[in-house]
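For clarity, every value in this text was computed on a predicted model and none was experimentally measured.
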Amino acid sequence: MRDFISVQDLSVAEIKYLLETADRFRTHDYEISKQLFAANLFFEPSTRTKMSFIVAERKLGLEPLELHAEMSSIKKGETLYDTARTFEAIGANVLVIRHEADDWMKELNEKLSIPVINAGAGTKDHPTQSLLDAYTIYQEFECFKDLNITIAGDVKHSRVARSNAEMLSKLGANVYFTGAPELMDESLGYPILTLDQAVEQSDVLMLLRIQHERHHGFIHAAIEYLEKYGLTVERERKMQNHAIILHPGPVNRGVEIDSSLVECKRSRIFNQMENGVYVRMAVLTKQLLNWGIIHDDQIKKCDTIERKQPIRAM
Ligand code: NCD
């Protein structure tokens with residue numbers, strides 16, 4: 001795989017390799033013994049993804065370069081391609097890009113001589129989010145096969161829903177959708193449950209925010225949406241004892257989830273954020289290795305003591 005763009009391009013073996021690598025980064029410190037620059041080009045708002053890429057880069061010893069789109073030459077009409085070429089010319093060794101267009105990578109057209117990592121493409125793909133969600137699920141259940149995973153909310157406009165449904169079903173889970181009928185996408189081919197069915201049957205309930213910036217006209221009062229389509233305290237009580245709650249963030253408290261459930265016992269929302277750092281370290285090193293920018297012997301283990309238990313091999 002040349003660039004890290006879509007879950008579609010990943011084989012099950014590659015996904016498992018990345019999850020195992022993430023687990024090594026969680027349990028040990030590693031550093032790359034070469035000066036390298038990672039450019040973070042975010043043309044859409046981001047807190048978790050951007051900051052966890054920066055932390056991942058710093059932990060590996062890479063130097064992050066940050067573009068503030070509002071203050072950059074994009075405002076003077078520069079294209080994404082020319083911006084990317086500029087970062088390549090000034091010495092970036094890897095580009096991390098988030099952009100509102102579904103197919104922004106087509107503009108780069110494989111003309112760059114450094115790897116590109118997708119940190120979010122329109123409504124289409126968010127492969128590193130899917131990896132961190134899969135890692136969080138594996139941490140909990142140590143398997144994917146036959147797990148019932150329901151993605152609830154604005155499936156139609158969510159790149160997280162698309163990438164996750166594809167990755168988790170590749171790994172053997174049963175994936176379902178639930179939510180307001182106007183926000184479902186039957187063309188994706190996953191079974192649609194009522195929220196009450198989903199709450200009772202799911203091992204993993206993944207909630208999504210309404211993607212207001214990607215569509216207009218779906219306006220519900222928060223309380224009305226929560227009662228109809230959100231995870232209320234009453235519904236949470238009907239979940240199976242072992243079931244967990246995920247959410248990629250940002251959370252709209254009191255809309256898709258009752259505020260008191262964001263940090264409840266079965267919520268893994270903040271674990272997902274922590275895991276984002278490890279999976280992004282795994283993706284960054286894999287791309288740098290694939291491109292021959294670094295070699296295995298340049299990734300140095302810094303600690304000798306295992307700090308945390310590794311999870312069982314995948
Ligand atoms: C998601 C995104 O940007 O697609 N957030 C994230 O990356 N953690 C989900 C969202 O914005 O709703």
Side-chain angles (χ1 to χ4, degrees), residues 1-33 38 48-49 52-53 55-62 94 96 115 117-119 125-147 149 160 163-173 175 203-204 206 244 246 248 268 271-314:
M1 185 194 18
R2 200 183 134 85
D3 290 321
F4 191 85
I5 299 297
S6 172
V7 174
Q8 249 178 14
D9 308 330
L10 293 171
S11 67
V12 171
E14 280 170 318
I15 296 170
K16 289 189 174 172
Y17 166 84
L18 286 165
L19 298 181
E20 278 162 6
T21 310
D23 198 51
R24 270 197 284 133
F25 286 129
R26 184 178 63 84
T27 48
H28 294 283
D29 287 334
Y30 287 84
E31 213 176 27
I32 295 171
S33 61
R48 277 150 290 273
T49 306
S52 61
F53 262 110
V55 172
E57 290 154 9
R58 286 198 189 279
K59 273 168 133 353
L60 288 168
L62 307 181
V94 54
V96 176
I117 297 173
N118 178 6
D125 269 306
H126 197 349
T128 61
Q129 179 69 41
S130 306
L131 272 177
L132 77 89
D133 291 337
Y135 182 63
T136 309
I137 292 168
Y138 195 83
Q139 234 173 10
E140 194 70 32
F141 297 102
E142 294 198 340
C143 73
F144 295 101
K145 182 122 189 52
D146 297 333
L147 280 183
I149 302 178
V160 177
S163 287
N164 267 328
E166 178 150 12
M167 181 173 294
L168 294 167
S169 49
K170 258 188 198 184
L171 291 168
V175 176
D203 303 298
V204 178
M206 183 182 298
I244 60 168
L246 300 184
R268 298 292 179 272
N271 307 65
Q272 288 173 271
M273 296 175 203
E274 178 188 345
N275 290 337
V277 173
Y278 311 129
V279 302
R280 288 172 176 129
M281 290 172 82
V283 171
L284 285 160
T285 47
K286 184 174 191 288
Q287 290 307 94
L288 293 169
L289 285 166
N290 283 357
W291 282 64
I293 296 168
I294 56 167
H295 302 288
D296 277 322
D297 59 1
Q298 288 171 306
I299 308 174
K300 302 256 187 274
K301 200 172 186 179
C302 309
D303 61 348
T304 46
I305 306 156
E306 214 164 80
R307 284 173 290 123
K308 294 176 191 165
Q309 278 299 343
I311 51 179
R312 201 163 51 81
M314 275 146 227

*asked:* Donor-acceptor check, side chain of Trp291 to backbone of Arg2, threshold 3.5 angstrom: yes or no?
replied: yes

*Any ion pair linking Lys300 and Glu31 (charged N to carboxylate O, less than 4.0 Å)?*
no

*Evaluate the criterion side chain to side chain contact (heavy atoms under 4.5 Å, CB included) for residue pair Lys301 and Asp29; output intermediate values, then yes/no.*
CA-CA 6 Å; Lys301 200 172 186 179; Asp29 287 334; over 6 Å; no

*Give the minimum heavy-atom separation between Phe141 and Asp203, together with the two atoms involved.*
CZ-O, 3.6 Å

*Are any of the side-chain heavy atoms of Phe4 and Leu18 separated by less than 4.5 Å?*
yes

*Quick one: are Thr285 and Tyr30 in side-chain contact, heavy atoms under 4.5 Å?*
no

_Test side chain to side chain contact (heavy atoms under 4.5 Å, CB included) on Leu171 and Val12; report intermediate values, then the result._
CA-CA 7 Å; Leu171 291 168; Val12 171; 4.2 Å; yes

*Does any N or O in the side chain of Arg268 come within less than 3.5 Å of the main-chain N or O of Thr136, such that one atom is a donor and the other an acceptor?*
no

*Taking C-beta and beyond as the side chain, do Met281 and Arg24 meet within less than 4.5 Å on heavy atoms?*
no

*Under 3.5 Å, is there a donor-acceptor pair between the Asp133 and Asn164 side chains?*
yes

*Which atom of Pro127 lies closest to which atom of Ser163, heavy atoms considered*: N-OG, 4.1 Å

*Lys/Arg-Asp/Glu bridge criterion (N-O < 4.0 Å) met for Lys308, Glu274*: yes

*Minimum side-chain heavy-atom gap Asn275-Gln139 below 4.5 Å*: yes

*Can you find a heavy atom in the side chain of Gln8 that is under 4.5 Å from one in the side chain of Asp125?*
no

*Is the side chain of Lys170 donor-acceptor paired with the backbone N or O of Ile15 at a distance under 3.5 Å, no angle test?*
no

*Steps toward side chain to side chain contact (heavy atoms under 4.5 Å, CB included) verdict (Ile294, Leu289)*: CA-CA 5 Å; Ile294 56 167; Leu289 285 166; 4.0 Å; yes

*Once you round to the nearest 0.5 Å, how far does CD1 of Ile137 lie from CD1 of Ile244?*
6.0 Å

_Restricting to non-hydrogen atoms, name the atom on Ser169 and the atom on Val175 that form the minimum distance, rounded to 0.1 Å._
N-CG2, 3.9 Å

_Nearest 0.5 angstrom please: Phe53 CZ to Ile117 CD1, how far?_
5.0 Å

_Option among His126, Met273, Gln129 that satisfies the side-chain contact (heavy atoms from CB on, under 4.5 Å) test with Pro248_ = Gln129

_In the structure I gave you, are the side-chain heavy atoms of Ile293 and Val94 within less than 4.5 Å of one another anywhere?_
no

*How long is the gap from OH on Tyr138 to CG on Leu131, to the nearest 0.5 Å?*
14.5 Å

*Decide yes or no for Leu19 and Phe144: does some side-chain heavy atom of the first lie under 4.5 Å from some side-chain heavy atom of the second?*
yes

_Under 3.5 Å side-chain donor-acceptor pair for Ser52 and Arg280_ = yes

_Separation of Leu168 CG from Met206 CE (nearest 0.5 Å)_ = 5.5 Å

*Would you check if there is a donor-acceptor pair between the side chains of Asp23 and Tyr135 at a distance under 3.5 Å?*
yes

*State, yes or no, whether a side-chain contact exists between Leu60 and Phe25 at a heavy-atom distance under 4.5 Å.*
yes

*Which distance, rounded to the nearest 0.5 Å, do you find between the CD1 of Ile32 and the CG of Leu288?*
5.5 Å

*Does a salt bridge link Glu14 with Lys286, judged by any charged N lying under 4.0 Å from a carboxylate O?*
yes

